[in-house]
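Shown next, in structure tokens, is the structure this report addresses.
Heavy-atom basis, side chains included; hydrogens, waters and symmetry copies ignored. Residues: numbered from 1 along the sequence shown. Not measured: the values here are computed from a predicted model.
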Amino acid sequence: MKLLVHSGTIITMHNKKIIRQGAIAIEKDTIVEIGKTHELKRKYGRGYEKIDAKGKLIIPGFINTHQHAAMSLLRGYANDLPLKEWLEKWIWPIEKHMTSHDIYVGALLTAAESIMSGTTTVNTMYHYMPEENEAKAFAEAGLRGVVGHVCFSWRKKQDKKALEDLAKNWHNKADGLIRASVDPHSPYTVDPEYMKELKEIGKELNKKYGSEKAPIIWHIHAAETDDEPEKIRKAFKIQLKNGIMEYLDSLGFLDERVIAAHCVALTKRDIEIMKQRKVKVSHNPISNLKLASGISPVPKMLKKGITVSLGTDSPCSNNTADMFETMKTTAILHKGVNKNPTLTPAQQVLEMATIEGAKALSWEKEIGSIETGKKADLAIINLNKPHLCPLYNEASHLVYAAKAADVETVIINGKIVMENKKLTTLNVEKVMEMAEKTKNSLLERLARNVK
Ligand SMILES: [Zn+2]
């Protein structure tokens, strides 16, 4: 496919460059040239499908670096509870009844919601099943994603099989849209020996199916709550000395291919280790606030030069996949708690939602900014709305004023997946119908206690 997006304001997220009256020429899945509309229109006239972005912003799609896509099925199922009770009494019992088809349906719903709100890449951690899974749903939706399998000490054999199948069948598949990851659930649900083993398994899978350009990464929840060291002590009789990251480092787990979600309860030493090992962070402010887990020391990590990206977390701890909400919450939260309005400025938050997200997933050579040679993952945002008028500064509008509903058109891997608010890859009404049906069946299975 050949495409010319023209006459818009391009927020490249590359060296803070903005091109007004800009155009982007796309061939197949790749951006071949970026420049002024009058020049590119001459060069890429015939044979190029045109998208007029007059009065609109063209941004690299958002990269949501922490999700559990299938959990959209549980959106609103349990709220206003502490993390432990929420997980143990509500979420885990109903999840036991989820089939591979349920997971697929939930991921389709999240894919639709993500695309419609301008997200082009989602990093998801969930139970992988070979029959149907999140990878299949993302590939059908045309959504880019890192799809993991979540690992627990109590099901090692099953995990190892799932990881092999996931990497073999999905890593760097679906025209390069899908990548696989190895996801130890957390330091308190994965014992130290298994944590080491999962590091080795990831390395082996990388040798077999990965490459320097398209690596298989590790995705873990870490330091989500203050009581995590106590949970580790209870589970494995290990007394932590100086924090979760120090502990994970002692197991040889940490390196630049690890993305750690939450990172709320960190010691000073933890932050130093994260910097040293180049660990990537997914900051999930809405989930942390909703579950009352605390507030991640994001300004401190940013000051150290640690890569901090943004995630929504699951649709039942947020309860949406909306990256606009997450950007605004990030920007205002750290100002408020630190009583410093200069922290997390709009431009930096926008970087966290795009190019830093790409770095967090070791995918920055291909996505995260609008540059020649990168994959064409774009969102077009209509500014012709009262809440986006007048316009002084684009980054300010994107972070503080714009909403998911302002996203009009989305391109992923050079393919138009939403045009003028209509998804081209999925029938959204049908997906919602499937999700309602699955919810009812899931509740019924829970009541009868069968699969
Ligand atoms: Zn999570």
Side-chain angles (χ1 to χ4, degrees), residues 9 11-14 16 18 56-67 110 113-123 259 261-263 280-290 295-299 301-302 306-315 317-338 340-361 367-370 377-383 385 387-388 391-408 410:
T9 298
I11 313 296
T12 66
M13 300 314 293
H14 175 58
K16 300 187 172 62
I18 294 177
K56 294 166 192 177
L57 294 182
I58 309 161
I59 64 167
F62 298 123
I63 297 177
N64 185 345
T65 59
H66 186 61
Q67 251 286 15
T110 291
E113 187 192 354
S114 300
I115 293 170
M116 291 172 84
S117 51
T119 294
T120 52
T121 302
V122 174
N123 182 32
I259 175 163
H262 303 303
C263 300
K280 311 300 198 298
V281 175
S282 177
H283 175 42
N284 299 234
I286 296 181
S287 168
N288 297 154
L289 288 169
K290 185 165 182 274
I295 294 163
S296 170
V298 166
M301 292 191 279
L302 288 171
I306 294 168
T307 299
V308 182
S309 62
L310 297 182
T312 56
D313 205 354
S314 86
S317 60
N318 184 298
N319 293 359
T320 75
D322 184 344
M323 288 289 282
F324 286 98
E325 283 184 0
T326 290
M327 286 200 296
K328 183 166 180 174
T329 306
T330 301
I332 61 178
L333 174 65
H334 301 289
K335 292 171 173 55
V337 293
N338 293 290
N340 180 352
T342 68
L343 294 175
T344 47
Q347 176 67 29
Q348 186 171 34
V349 172
L350 199 54
E351 284 165 10
M352 291 162 81
T354 54
I355 185 65
E356 298 303 296
K359 287 180 196 164
L361 302 181
I367 57 171
S369 58
I370 302 175
D377 287 12
L378 312 170
I380 301 175
I381 292 154
N382 189 352
L383 291 177
K385 308 266 181 87
H387 67 275
L388 299 174
L391 174 69
Y392 296 97
N393 178 296
E394 287 86 359
S396 160
H397 269 11
L398 284 166
V399 172
Y400 295 118
K403 298 180 185 310
D406 302 327
V407 178
E408 263 188 7
V410 175

Flag, side chain of Asn284 to backbone of Ser287, donor-acceptor distance under 3.5 Å: no
Residues Leu289, Leu333; criterion side-chain contact (heavy atoms from CB on, under 4.5 Å); working and verdict: CA-CA 10 Å; Leu289 288 169; Leu333 174 65; 4.1 Å; yes
Pairing of Glu351 and Lys16 as salt bridge, 4.0 angstrom limit: yes
OG1 on Thr330 to CG on Leu350, rounded to 0.5 Å: 11.5 Å
Passing option when Leu310 is tested against Val349, Val281, Thr354 for side chain to side chain contact (heavy atoms under 4.5 Å, CB included): Val349
Lys335 side chain vs Ala331 backbone, donor-acceptor pair below 3.5 Å: yes
Steps toward side-chain contact (heavy atoms from CB on, under 4.5 Å) verdict (Asn288, His262): CA-CA 7 Å; Asn288 297 154; His262 303 303; 3.1 Å; yes
Nearest-0.5 Å distance that lies between atom CD1 in Ile367 and atom OG1 in Thr120: 6.5 Å
Any side-chain heavy-atom pair of Ile59 and Leu378 under 4.5 Å: no
Over all atoms of both residues, closest heavy-atom pair of Gly368 and Ala358: CA-CB, 3.8 Å
Polar contact flag, side-chain donor to acceptor under 3.5 angstrom, His334-Asn340: no
Non-hydrogen atoms of Gln347 and Ala395 that approach each other most closely: OE1-CB, 3.8 Å
Check: Glu113 side chain, Ala321 main-chain N or O, donor-acceptor pair, under 3.5 Å: yes
Test log, rule side-chain contact (heavy atoms from CB on, under 4.5 Å), inputs Leu361 and Thr65: CA-CA 7 Å; Leu361 302 181; Thr65 59; 4.2 Å; yes
Side chains of Leu302 and Thr344 in contact at under 4.5 Å (non-hydrogen atoms): yes
Side-chain touch Leu383/Asp406, heavy atoms, less than 4.5 angstrom: no
Between CD1 on residue Ile381 and NZ on residue Lys403, distance to nearest 0.5 Å: 13.0 Å
Heavy-atom closest contact (Pro345 atom, Thr342 atom, distance): CD-O, 3.6 Å
Matching residue for Asn64 among Asp322, Thr119, Asp313, Thr312 - test: side chain to side chain donor-acceptor pair (under 3.5 Å): Thr312
Member of Val399, Thr329, Val407 meeting the side chain to side chain contact (heavy atoms under 4.5 Å, CB included) criterion with Phe324: Val407
Side-chain touch Thr320/Glu325, heavy atoms, less than 4.5 angstrom: yes
Minimum-distance pair of heavy atoms, taken over all atoms of Ile370 and Ile11: CD1-O, 3.8 Å
Over all atoms of both residues, closest heavy-atom pair of Glu408 and Asn382: OE2-ND2, 2.7 Å
Donor on one side chain, acceptor on other, Asn319 and Ser317, under 3.5 Å: no
Nearest-0.5 Å distance, NE2 of residue His397 to OH of residue Tyr392: 9.0 Å
Minimum heavy-atom distance Ala353-Met323, with the two atoms named: CB-CE, 4.1 Å
Nearest-0.5 Å distance that lies between atom OG in Ser309 and atom NE2 in His283: 10.0 Å
Side chain to side chain, Ile332 and Tyr400, heavy atoms closer than 4.5 Å: yes
Residue pair His66 / Asn123, side-chain donor-acceptor N/O under 3.5 Å: no
Criterion side-chain contact (heavy atoms from CB on, under 4.5 Å) on Thr307 and Met301, from CA distance to verdict: CA-CA 8 Å; Thr307 299; Met301 292 191 279; over 6 Å; no
Interatomic distance, Thr9 atom OG1 to Ile18 atom CD1 [nearest 0.5 angstrom]: 8.0 Å
